[in-house]
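Scroll down for the structure; my scribbles are underneath it.
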Amino acid sequence: MQGAINEKTEGSPVDEDERELGLKALRQENFRDIVALARRLAQPGAGNLLDVGCAHGWFLETARERFEVLGIEPDAVVGGRTAARGLPVRQGYFPDALQPGETFDVIVFNDVIEHIPDIRAALDACHARLNEGGLLILNLPNSAGFFYRLSKAFAKFGWRSPFERLWQKDLPSPHVHYFRPANLERLVAKHGFERLHSGELPALRAKGLLERIRCAGNISGPSLYLQYLAALCAIPVLGLFPSDIIVSVFRKT
């Protein structure tokens, strides 16, 4: 199973310090929304939660206010830094890092499931590792999102860089899948789940936006602040279009 579910590891290395600066504020805000969903939709008495690909542990920090949490992280360096902050992290891949018979009330994939080549094996493992009536929460990019569709249109006219960036081409763990809510639901339903919720999360938030632009493009000087102001002004307008981030909640049947 490990060989089927592991993420790809080729490509240029990622500067995790820069990644943290660029993404932390957005992720923390979105994670609060996801934990609120889990609290509302989980069965009474649901207690333990597994965060697959927990990375820096931001979701674990938020979720442990309500659940007994465990994270799995394949990157030993990133996982070690997270564990050093006192968070419960197990190094390895899902589900091989779990103990025999270990099950959970909630399993969460935050920007992870789209990196897993054998997604069907991963969904089967989720079904096996969830308690009866347990929740599977998938937070992932949206192929119906505004930026995805715009970059795809640019690619048709020869400017492929934005589209390839969304697929994370040449990064250590590129995207190998893209979904929109309808085809995601059809796939997950084939593995023994029913959808309880499908919604969107903001792809841009004002908090931390400057740091994200600075880290994403190695931009500095006046160009940095011009792009920041343009993105800041675009946030209200983006609310009129589908977001590039979706979150879907499924219950094991």
Side-chain angles (χ1 to χ4, degrees), residues 19 22-42 49 51-56 58-63 66 106-116 119 122-123 126 135-155 162-163 165-168 174-189 191 193-213 216 228 230-251:
R19 186 170 180 266
L23 291 175
K24 186 173 183 179
L26 173 69
R27 294 276 174 89
Q28 285 180 323
E29 292 290 328
N30 286 351
F31 288 166
R32 280 190 273 271
D33 292 344
I34 294 171
V35 171
L37 271 176
R39 294 181 64 173
R40 178 165 62 86
L41 296 174
L49 177 149
D51 182 13
V52 180
C54 64
H56 301 281
W58 305 328
F59 186 79
L60 294 176
E61 289 176 326
T62 304
R66 166 59 178 81
V106 183
I107 296 178
V108 183
F109 289 76
N110 286 306
D111 295 288
V112 170
I113 199 79
E114 68 273 16
H115 297 275
I116 298 176
I119 192 171
L123 292 171
C126 289
L135 297 184
L136 171 63
I137 302 179
L138 303 179
N139 162 26
L140 69 163
N142 179 18
S143 63
F146 174 77
F147 288 112
Y148 185 91
R149 295 168 73 175
L150 182 64
S151 66
K152 188 174 182 180
F154 288 154
F163 191 62
R165 181 65 186 86
L166 286 180
W167 280 90
Q168 299 190 1
H175 292 172
V176 292
H177 313 281
Y178 248 97
F179 293 97
R180 60 184 64 200
N183 60 7
L184 179 67
E185 180 181 351
R186 288 195 296 271
L187 172 64
V188 178
H191 295 267
F193 293 93
E194 62 174 343
R195 181 180 62 82
L196 298 182
H197 171 88
S198 181
E200 297 181 350
L201 294 169
L204 289 179
R205 292 184 187 262
K207 185 177 180 181
L209 181 59
L210 180 62
E211 290 79 7
R212 185 176 183 186
I213 294 172
Y228 170 64
L232 202 61
C233 293
I235 290 175
V237 179
L238 290 176
L240 302 174
F241 300 93
S243 174
D244 281 73
I245 302 176
I246 53 175
V247 58
S248 294
V249 184
F250 303 89
R251 176 164 286 154

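Just so we're clear, the structure is a prediction, and the values are computed from it rather than from any experiment. Start at 1 with the first residue, then count along the sequence.
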Which value, rounded to the nearest 0.5 Å, describes the distance between [X] atom [atom1] and [Y] atom [atom2]?
X	Y	atom1	atom2	value
C54	E61	SG	CD	10.5 Å
I116	I113	CD1	CD1	4.5 Å
T62	Q28	OG1	CD	6.5 Å

Shortest non-hydrogen contact from [X] to [Y]?
X	Y	value
N142	S243	ND2-O, 2.8 Å
V247	H197	O-CD2, 3.8 Å
C126	L136	SG-CD1, 3.8 Å
L41	L135	C-CD1, 3.7 Å
F147	L166	O-CD1, 3.7 Å
G145	D244	C-OD1, 3.4 Å

TODO: List the steps, then state whether side chain to side chain contact (heavy atoms under 4.5 Å, CB included) holds for F109 with L140.
DONE: CA-CA 8 Å; F109 289 76; L140 69 163; over 6 Å; no
Open item on the list: Please list all pairs meeting salt bridge (Lys or Arg N to Asp or Glu O under 4.0 Å) that have one or both residues in residues 144-154, counting only residues at least two apart or in different chains.
Closed with: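 Every pair satisfying salt bridge (Lys or Arg N to Asp or Glu O under 4.0 Å) with a residue in residues 144-154: there are none.
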- [ ] For the pair H175 and H115, name the ring-plane relationship: parallel under 30°, tilted 30 to 60°, perpendicular over 60°.
- [x]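 Because their plane-to-plane angle is over 60°, the rings of H175 and H115 count as perpendicular.
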TODO: Hey, can you tell me if F163 and W167 have their rings parallel, tilted or perpendicular (30° and 60° cut-offs)?
DONE: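 Perpendicular, since the angle between the ring planes exceeds 60°.
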Do [X] and [Y] have side chains that get closer than 4.5 Å, going by heavy atoms?
X	Y	result
P141	E114	yes
L201	I34	yes
I119	F179	yes

Task: Listed partners of N139 passing side chain to side chain donor-acceptor pair (under 3.5 Å), at least two apart - done: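 Listed in chain order: N110.
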- [ ] Starting from the C-alpha separation in whole Å, work towards a yes-or-no answer on side chain to side chain contact (heavy atoms under 4.5 Å, CB included) for F59 and L49.
- [x] CA-CA 11 Å; F59 186 79; L49 177 149; 3.8 Å; yes
- [ ] Step by step, work out the side chain to side chain contact (heavy atoms under 4.5 Å, CB included) result for L240 and F146.
- [x] CA-CA 10 Å; L240 302 174; F146 174 77; over 6 Å; no
Task: R32, CZ atom: more than 12 neighbouring heavy atoms under 6.0 Å - done: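 It does: R32 CZ has more than 12 such atoms within range.
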- [ ] Step by step, work out the side chain to side chain contact (heavy atoms under 4.5 Å, CB included) result for R39 and V35.
- [x] CA-CA 6 Å; R39 294 181 64 173; V35 171; 4.2 Å; yes
Open item on the list: Any side-chain to backbone donor/acceptor pair from N30 onto R27? Under 3.5 Å, distance only.
Closed with: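 Side chain of N30 to backbone of R27: no pair is present.
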